[in-house]
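Heavy atoms only: backbone and side chains are in, while hydrogens, waters and symmetry mates are out. One-based numbering along the sequence shown. Small disclaimer: the values here were computed from a predicted structure and weren't measured.
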Amino acid sequence: MSKPVVGIIMGSQSDLRIMKEAAEVLDELKVAYEVTIVSAHRTPLRMVEYATAARGRGVQVIVAGAGGAAHLPGMVASLTSLPVIGVPVKSSNSIDGWDSVLSILQMPAGVPVATVALDGARNAGILAAQILGASDAALGQRIDAFKESLKVKVESAAKDLETKGWKNVL
């Protein structure tokens, strides 16, 4: 198996129900990744170790999911120069997910975190692959084919509506 180039981390095991979607799309695109639980609040030293050692292990992009106060993506971004993609997770201790979204989105200048939608781990996986695909032609071609397949699915769904008697506006 290839060396992981994407790190998928989350604040707790309960986030795995969402974060597995990043892993699934990376599997589809044949991008090697690693997955672990790293809590900014409960295991801060583990978080520091993970973030500072990631580049040395070959990781090139980190996808970090967290719910509630959602400090993990920003704290990791403050410790590494690797791109970090934050996934706000609607969790049991969340204020309808808004606390997570805003905690990840509102980073200070100099500590950027790319932020996807609430529970948007699939898009985070796609974005991680696109970042890598900017300098990897073979991966770029796989992403192009993946995106084309999404277009085909939408066009097929539109045709299906027509067969059910719905008017297609295009």
- Message: Do the side chains of Glu148 and Lys151 get close enough for a salt bridge, i.e. N-O under 4.0 angstrom?
- Response: yes
- Note on the structure: For Gly86 and Ile104, the nearest pair of non-hydrogen atoms, with its separation, is CA-CG2, 3.8 Å
- Message: Using modelled atom types and a 3.5 Å cut-off, is there a donor and acceptor pairing between side-chain atoms of Arg46 and backbone atoms of Ile37?
- Response: yes
- Would you say the side chain of Ile8 lies within less than 4.5 Å of the side chain of Leu26, judging by non-hydrogen atoms? yes
- Could you pull out the closest heavy-atom pair between Met107 and Gly74, with the gap in Å? CE-CA, 3.4 Å
- Identify whether the distance between the nearest side-chain nitrogen and carboxylate oxygen of Glu28 and Arg142 falls below 4.0 Å. no
- Item | Donor-acceptor pair, side chain of Ser100 and main chain of Gly68, under 3.5 angstrom | yes
- Item | Shortest non-hydrogen contact between Leu29 and Ala129, atoms and distance | CD1-CB, 3.6 Å
- Say you draw a straight line from CZ of Arg55 to OG of Ser81; how long is it, rounded to the nearest 0.5 Å? 3.5 Å
- Message: Surrounding CE of Met47 (heavy atoms of other residues, nucleotides or ligands, distance under 6.0 Å), is the total greater than 12?
- Response: yes
- Task: Decide whether Val116 and Val35 are clustered together by the hydrophobic rule: side chain heavy atoms of Ile, Leu, Val, Met, Phe, Trp, Tyr closer than 4.5 Å, transitively.
- Result: yes
- Note on the structure: From the list Leu72, Val63, Val76, side-chain contact (heavy atoms from CB on, under 4.5 Å) partner of Val84 resolves to Val76
- Query: Taking Asn123 for the side chain and Ala117 for the main chain, is one N or O donor matched with an acceptor at less than 3.5 Å?
  - Reply: no
- Examine Tyr33 and Ile9 and state if one hydrophobic cluster contains both, with Ile, Leu, Val, Met, Phe, Trp and Tyr joined whenever side-chain heavy atoms are less than 4.5 Å apart. no
- Query: Is there a donor-acceptor pair closer than 3.5 Å between any side-chain N or O of Ser103 and the backbone N or O of Ala69?
  - Reply: yes
- Message: Grouping I, L, V, M, F, W and Y whenever their side-chain heavy atoms are under 4.5 Å apart, do Val59 and Ile85 come out in a common cluster?
- Response: no
- Query: Are any of the side-chain heavy atoms of Ser12 and Arg42 separated by less than 4.5 Å?
  - Reply: yes
- Item | Ser2 side, atom OG; Lys30 side, atom NZ - distance, nearest 0.5 Å | 11.5 Å
- Query: When rounded to the nearest 0.5 angstrom, what is the spacing between CD in Glu21 and CD1 in Ile126?
  - Reply: 10.0 Å
- Considering non-hydrogen atoms only, spot the tightest contact between Pro73 and Ala64 and give its length. CG-O, 3.3 Å
- Task: Say whether Val61 and Ile18 are linked into one hydrophobic cluster, either directly or through other cluster members, by side-chain heavy-atom distances under 4.5 angstrom.
- Result: yes
- So how far is it from Met19 CE to Thr36 OG1, rounded to the nearest 0.5 Å? 12.0 Å
- Query: Rounded to the nearest 0.5 Å, what separation is found between the CG atom of Leu82 and the CD1 atom of Ile62?
  - Reply: 5.0 Å
- Query: Do Val38 and Met10 have side chains that get closer than 4.5 Å, going by heavy atoms?
  - Reply: no
- How far apart are the closest heavy atoms of Val87 and Ala124, and which atoms are they? CG2-CB, 3.5 Å
- Message: Quick check on side-chain contact (heavy atoms from CB on, under 4.5 Å): which of Asp144, Leu132, Ile131, Val5 does Leu139 satisfy it with?
- Response: Leu132
- Query: Crowded around Ile95 CD1? As in, over 12 foreign heavy atoms under 6.0 Å?
  - Reply: no
- Same cluster (ILVMFWY, side-chain, under 4.5 Å), Leu45 and Leu79: no
- Message: Keeping Asp96 on the side-chain end and Trp98 on the backbone end, is there a donor-acceptor pair under 3.5 Å?
- Response: no
- To the nearest 0.5 Å, what is the distance between CZ (Arg57) and OH (Tyr50)? 5.0 Å
- Over all atoms of both residues, closest heavy-atom pair of Ser91 and Arg17: CA-NH2, 4.4 Å
- Task: Mark yes when over 12 heavy atoms from residues, nucleotides or ligands other than Glu49 sit less than 6.0 Å from its CD; otherwise mark no.
- Result: no
